[in-house]
Amino acid sequence: MKEQPDRNLALELVRVTEMAAIAAARYQGRGDKNAVDQAAVDAMRHMLSTVDMDGIVIIGEGEKDEAPMLYNGEVVGNGHLPKVDVAVDPVDGTRLTAQGQPGALAVLALAERGSMYAPGKLVYMDKIAVGEEAAGVIDIEAPVAHNLDRVAKAKGKSISDLTAVILDRPRNQEYMRAVRTAGARIALIGDGDISGAISTAKRDSGIDILVGIGGSPEAVTAACAMASLRGEIQCKLWPRDDAERDWATNEGLDLDQVITMRDLVNSDHTFFAATGVTTGALLQGVEFFGDRVETHSVVMRSASGTVRFVEAVHRADRLYGSGIPGVRPR
């Protein structure tokens, strides 16, 4: 039997994302993407060592772009039970942070050992995601216009009222054309499709659906959150070239398979925590006030469906004397 993570893990995880966010926010707008990532990774690795768990990193975001990272297969936690799979994205939106743009998050998710999908070298997926109202009506293999029509009917809207969030990349031009042709609106994001997927399930976000090709690690991490929010995400692996296509064939991966939420994380006990680095639609960013630092986070637990928003005030004198890498002024 799998060891089920305890409910108390939720608030332990937010301590980790808070420190990663504070460390990363010190580099906001300084133009150094790797410095943002390195500071967040150092703080997150330090804090993870204090958490009661025997964790293995299944999703380590740095694998994709050779940035500083918590690497796939790294053991984290203090070695105590439960045994868990861990997905980390010390900063979902390192470029956003480096350029002083909105929407960057420090993110951490976990579930029972052996439950997370490991995409290996295939670092991109075709995705569609919606919130609870439209869960069960989407089909990633159907035309964009069909999905927009189904989502509109499920939400009691017209297609022209819908807003689709799409990662602003050349590979998603066809999605942009299809959404525009159907008559829906578009919100383009430069990075951060974990936040994009979650925003479809946040009632006041103004986002109805996510479509397009984004990161595979982000899909697994977002699924841990969507399980609590009762939303839905569907994906298909998207190889970038023949080499990745050949790798998938050799590994026995079906590129035509529709990857469901249950495929992404096969668990009823997922935890998700995120802290805003820069202010965006989902969370407010880190704020520095000299004598204190304020953070804004969300914590989710799928077993209970609980979603908590946590506003924390950290006393600067104690925070900066804590020995946590990266959190001191620079």
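Keep in mind that what you see is a predicted model, and the values were worked out from it rather than measured.
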Nearest 0.5 angstrom please: D32 CG to R30 CZ, how far? 9.5 Å
Test: D126 and K236 ion pair at under 4.0 Å: no
Salt bridge between K153 and D149, side-chain N to carboxylate O under 4.0 Å? yes
Is the shortest side-chain heavy-atom distance between M125 and E218 below 4.5 Å? no
Please examine the side chains of I128 and Y175, heavy atoms only from C-beta on, and report whether any two atoms are closer than 4.5 Å. no
Quick test of your reading of the model: are R95 and D37 salt-bridged, counting only N-O distances below 4.0 Å? no
Taking side chain as C-beta onward, heavy atoms only, is R26 less than 4.5 Å from V286? no
Could you tell me whether the side chain of S199 and the main chain of S205 form a donor-acceptor pair under 3.5 Å? no
Under a 3.5 Å distance rule, please check whether D85 uses its side chain to pair with a backbone N or O of M116 as donor and acceptor. yes
Do the charged groups of D317 and R315 touch, with an N to O distance under 4.0 Å? yes
Check ion pair D208-K157 (N to O, under 4.0 angstrom): yes
Any carboxylate oxygen within less than 4.0 angstrom of a Lys/Arg side-chain nitrogen, looking at R262 and D268? yes
Residues R45 and E74 bridged, charged N to O under 4.0 Å: yes
Apply the side-chain contact (heavy atoms from CB on, under 4.5 Å) test between M300 and each candidate in T306, L13, L229; give the one that qualifies. L229
Taking the side chain as every heavy atom from C-beta outward, state whether L108 and L48 have any pair of such atoms under 4.5 Å apart. yes
Heavy-atom side-chain proximity of V14 to E18 below 4.5 angstrom: yes
Can you see whether T249 engages D246 through a side-chain donor-acceptor pair at a distance of less than 3.5 angstrom? no
Taking the side chain as everything from C-beta on, heavy atoms only, tell me whether V130 gets closer than 4.5 Å to K155. no
Hey, are R177 and E174 close enough for a salt bridge, meaning a charged N less than 4.0 Å from a carboxylate O? yes
Could you tell me the separation between the CG atom of D89 and the OG1 atom of T221, rounded to the nearest 0.5 Å? 6.5 Å
Of all the heavy-atom pairs spanning S322 and V327, show the shortest one and how long it is. OG-CG2, 4.2 Å
Side chain to side chain, V107 and T17, heavy atoms closer than 4.5 Å: no
Set out, in order, the CA-CA distance, both residues' side-chain angles and the distance that settles side-chain contact (heavy atoms from CB on, under 4.5 Å) for I209 and L162, then state yes or no. CA-CA 8 Å; I209 184 170; L162 297 181; 5.6 Å; no
